[in-house]
Asks: 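Questions regarding the structure given below will be posed in turn.
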Number of protein chains: 2
Amino acid sequence: MVNRSSTTTLAFALLGLISQKPYSGYDLRKFFSSTPMTSFSDSPGAIYPALRRLERRGLIRGRVDAGKDRRKRRLFEATPRGRAEFRRWQLQPITRDDVVHHVDSLMLRFAFMDESVGRAIALRFLKALHKELASYIPTLHQYLKANRSAMPLSGRLALESGILGYESLFRWTKAAIAAYQKEN
Amino acid sequence: MVNRSSTTTLAFALLGLISQKPYSGYDLRKFFSSTPMTSFSDSPGAIYPALRRLERRGLIRGRVDAGKDRRKRRLFEATPRGRAEFRRWQLQPITRDDVVHHVDSLMLRFAFMDESVGRAIALRFLKALHKELASYIPTLHQYLKANRSAMPLSGRLALESGILGYESLFRWTKAAIAAYQKEN
DNA sequence: TAGTCCATGTAAGATGTTACATGATTCA
DNA sequence: TGAATCATGTAACATCTTACATGGACTA
C-alpha cells in the first residue's frame with residue numbers, strides 16, 4: 001500500500017468518516033455502496049475487520065447503541081489519538097509518488113480538510129498539489145512525444161486519456177484555490 | 001478484485017504486454033517503473049509469482065534466453081490460449097460497475113485493442129464507453145445537487161473533482177471515436 | 001575493486017475477496 | 001407468515017507489500 005504508516009486507505013477513509021460523527025459498521029457499508037465516487041469496498045469482510053483493527057490500535061472506540069426499537073448495533077467514535085492520526089496523515093507532504101500512484105488518497109485527504117484541519121491548511125494543500133502537478137504533467141507530455149510514433153492508435157489514445165485526466169485535475173486545483181480565496 | 005474471472009488486473013497487464021512481444025520478468029518490472037500512467041507494482045514479489053501463475057495456467061510460456069553476454073533470463077511468450085483469454089477479457093461488455101470502480105481496467109483493456117482485436121472492435125468499445133458515461137455522469141450531478149448544501153467546501157470540491165474527471169473522460173471518448181473514424 | 005545495474009527469486013505478514021452464517025425487525 | 005432489510009460477523013483463499021537474498025556483468 002505504500003502509505004508510510006501501516007494504515008490502509010480504507011482504514012483512513014473509515015477513520016475520516018468516524019472523526020466527523022459516529023458510524024456503525026453497517027452505516028459505513030451503506031455509505032460506500034450508496035455514495036458515488038468512493039472506491040472502497042462495502043463488503044463486511046473488509047469493513048468489520050478494519051474497524052476491529054482501528055479499535056485495537058486505540059484510534060476509534062465502539063459503544064453499543066441501545067436504541068429502543070432497532071436491533072442493537074455498535075457505534076464507533078474517533079478517539080483523540082484517532083483524530084490526531086488522521087490529521088497527521090492529511091498533513092503529510094505531497095510527493096511525486098502520491099501524484100503518480102495515489103491520487104485517490106490525495107482526494108480523500110483533502111475531502112475532510114475543512115472539518116479536521118481547517119481552511120488555511122486546505123488551501124495550502126491545494127497549492128502544493130497544484131505545484132506538484134505543474135512539475136509532473138510536462139514529463140507526461142515528454143514521454144508521449146518520445147513514444148508517440150511507435151505506439152498504435154489505441155495505446156496512444158489510452159496514454160492521452162491519462163494525461164487529460166491530470167490536466168483536468170490541474171484546472172480543478174486552480175478553481176479550488178480560487179474558491180478558497182474568495183471565501184477567506 | 002471483482003474481475004469476473006479469477007485473473008487480476010496486474011495479471012492481465014502482464015498478459016497484454018507479453019501478447020505483443022516476449023518479455024522477461026525484469027523487463028516487465030522496468031516497464032512498470034519507467035512508464036508513466038501505469039498503476040502496477042514493479043516489485044519482484046508481485047511480478048514473479050504472477051508470471052508463475054500465468055505459466056501454470058498455460059497462458060504464457062517461459063524459455064531461457066541464452067544470450068551470450070548477459071546473464072541468462074527467462075523470456076515469456078503468450079500461448080494461443082493466453083491470447084484468447086486476453087481477448088475474451090477485452091471483449092467483455094462494459095458495465096456500470098466498470099465505469100464506477102474500474103476505469104483503470106477499462107483503459108488497460110482499450111490500450112491493447114488495435115493489436116489484439118482490431119480497430120473495428122476498438123471503435124465499438126469506445127462507443128459503448130461513451131454511452132455508459134453518458135448515462136452515469138448525470139447521476140453524479142444529481143448526487144451533488146442533492147447534497148451540495150450539506151457538504152463542507154473541501155468535501156464538495158473533492159466530489160466535483162471526481163465529476164470533472166469523468167467529464168474529461170467523456171470528452172476523450174468523443175475525440176477518440178473521431179480519431180478512429182478519420183482513419184478508417 | 002567497489003559500486004551499480006541486471007536478473008530472479010523467497011518468506012512473513014497484512015489485507016481484501018468471496019461466500020457463508022446468523023438473527024432481529026419491518027412491511028406487505 | 002414470508003420476504004426484504006438491518007446488522008454483525010467468520011472462514012478460506014489469493015494476492016500484494018516489504019524485506020531479504022543471491023550472484024553475474026559492467027564500469028569508473
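Side chains are part of it too, since the values below use all heavy atoms of this structure and drop only hydrogens, waters and symmetry mates. For clarity, every value in this text was computed on a predicted model and none was experimentally measured.
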Asks: Is the cationic atom of B/Lys21 (NZ for Lys, CZ for Arg) positioned less than 6.0 Å from the six-membered ring centroid of B/Tyr23 and within 45 degrees of its normal?
Replies: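 Yes, a cation-pi geometry.
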Asks: Choosing from C/dG16, D/dC16, C/dG9, which nucleotide comes nearest the side chain of B/Pro44?
Replies: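 The nucleotide sitting nearest to the side chain is C/dG9.
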Asks: How many whole angstroms separate atom NZ of A/Lys72 from atom P of C/dA24?
Replies: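 Rounding to the nearest Å, NZ of A/Lys72 and P of C/dA24 are 10 Å apart.
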Asks: Take the protein atom CD of A/Glu55 and the nucleotide atom C1' of D/dG9, then report the distance between them rounded to whole Å.
Replies: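 About 14 Å, once rounded to whole Å.
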Asks: Would you mind telling me which residue lines up with the more 5' stretch of DNA chain C, B/Lys30 or B/Pro49, judged by nearest nucleotide?
Replies: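 The answer here is B/Lys30.
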Asks: Think A/Arg53 has a side-chain N or O under 4.0 angstrom from the OP1 or OP2 of C/dG16?
Replies: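 Indeed, a polar side-chain atom of A/Arg53 lies that close.
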Asks: Scan B/Gly25 against the nucleic acid and name what it touches under 4.0 Å (heavy atoms): base, sugar-phosphate only, or nothing.
Replies: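 Sugar-phosphate contact only - B/Gly25 comes under 4.0 Å of backbone atoms but never of a base.
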Asks: Tell me the interatomic distance from B/Asp65, atom CG, to C/dA7, atom P, rounded to whole angstroms.
Replies: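 Whole-Å distance recorded here is 9 Å.
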Asks: May I ask you to evaluate whether A/Arg73 reaches the phosphate of C/dG23, defined as a side-chain N or O under 4.0 Å from OP1 or OP2?
Replies: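 Looking at the OP1 and OP2 atoms of C/dG23, neither is under 4.0 Å from any side-chain N or O of A/Arg73.
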Asks: Base, sugar-phosphate or nothing for B/Arg29? Non-hydrogen atoms, less than 4.0 Å.
Replies: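 If one applies the 4.0 Å heavy-atom cut-off, B/Arg29 turns out to touch a base.
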Asks: With DNA chain C as reference, determine whether B/Asp27 or B/Gly45 sits nearer its 5' end, using the nearest nucleotide of each.
Replies: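 First, find each residue's nearest nucleotide; the 5'-ward one identifies B/Asp27.
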Asks: Please report, rounded to the nearest Å, how far the P atom of D/dT8 is from the CG atom of A/Leu14.
Replies: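 Atom CG in A/Leu14 sits about 13 Å away from atom P in D/dT8.
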Asks: Distance check needed: D/dA19 P versus B/Tyr48 OH, whole Å only.
Replies: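 So the two atoms are 19 Å apart, to the nearest Å.
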Asks: Using a heavy-atom cut-off of 4.0 Å across all strands, would you classify B/Ser43 as base, sugar-phosphate, or nothing?
Replies: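 Base, at least one base atom sits under 4.0 Å.
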Asks: Does anything in residues 153-179 of chain B form a ring-ring contact (aromatic ring centres under 6.0 Å, His included)? List the pairs, not counting sequence neighbours.
Replies: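 Residue pairs with at least one partner in residues 153-179 of chain B: B/Phe110-B/Trp172, B/His130-B/Phe170, B/Tyr136-B/Tyr166.
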Asks: Round to the nearest Å and state the distance from B/Leu28 atom CG to C/dC6 atom P.
Replies: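 Nearest whole value for this atom pair: 14 Å.
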Asks: For B/Arg74, which contact category applies under a 4.0 Å heavy-atom criterion: base, sugar-phosphate, or nothing?
Replies: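 If one applies the 4.0 Å heavy-atom cut-off, B/Arg74 turns out to touch the sugar-phosphate alone, with no base involved.
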Asks: Under 4.0 Å between a side-chain N/O of B/Ser24 and OP1 or OP2 of C/dT8, yes or no?
Replies: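 So the side-chain polar atoms of B/Ser24 do come within 4.0 Å of the phosphate oxygens OP1 or OP2 of C/dT8, strictly under.
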Asks: Measuring from A/Glu132:CD to A/Leu106:CG, what's the distance to the nearest 0.5 Å?
Replies: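 That separation rounds to 9.5 Å.
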Asks: Determine the contact category for A/Leu10: base if any of its heavy atoms lies under 4.0 Å from a base atom, sugar-phosphate if only primed atoms, P, OP1 or OP2 are that close, otherwise nothing.
Replies: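 Sugar-phosphate contact only.
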Asks: Could you tell me how far apart A/Arg63 (CZ) and D/dA7 (P) are, to the nearest whole angstrom?
Replies: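 Distance check: A/Arg63 CZ to D/dA7 P gives 14 Å.
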Asks: Would A/Lys145 count as a cation-pi partner of A/Tyr143, with NZ or CZ less than 6.0 Å from the six-membered ring centre and within 45° of the ring normal?
Replies: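 No cation-pi geometry.
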Asks: Tell me: CG of B/Asp42 to C1' of D/dC16, nearest whole Å?
Replies: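 Distance, rounded to whole Å: 13 Å.
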Asks: Give a yes or no on whether A/Arg124 atom CZ has more than 12 heavy-atom contacts from other residues, nucleotides or ligands under 6.0 Å away.
Replies: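 Not buried by this count: 12 neighbours or fewer within 6.0 Å.
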Asks: Work out how much the helix from C/dT1-D/dA28 to C/dA28-D/dT1 bends between its end axes, five pairs an end, to the nearest 10 degrees.
Replies: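 Between the first-five-pair axis and the last-five-pair axis there is 30°.
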Asks: Ion pair present between B/Glu55 and B/Arg61, side-chain N to carboxylate O less than 4.0 angstrom?
Replies: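 Looking at B/Glu55 and B/Arg61, the cut-off is not met.
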Asks: Strictly distance-based, threshold 3.5 Å: is any side-chain N or O of A/Asp114 a donor or acceptor partner for the main-chain N or O of A/Arg119?
Replies: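 It does not hold such a pair.
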Asks: Does anything in residues 33-46 of chain B form a side chain to side chain donor-acceptor pair (under 3.5 Å)? List the pairs, not counting sequence neighbours.
Replies: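 Residue pairs with at least one partner in residues 33-46 of chain B: B/Ser41-B/Ser43.
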Asks: Please tell me if B/Tyr26 has a side-chain N or O lying less than 4.0 Å from either OP1 or OP2 of C/dC6.
Replies: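 Checking B/Tyr26 against C/dC6: at least one side-chain N or O falls below 4.0 Å of OP1 or OP2.
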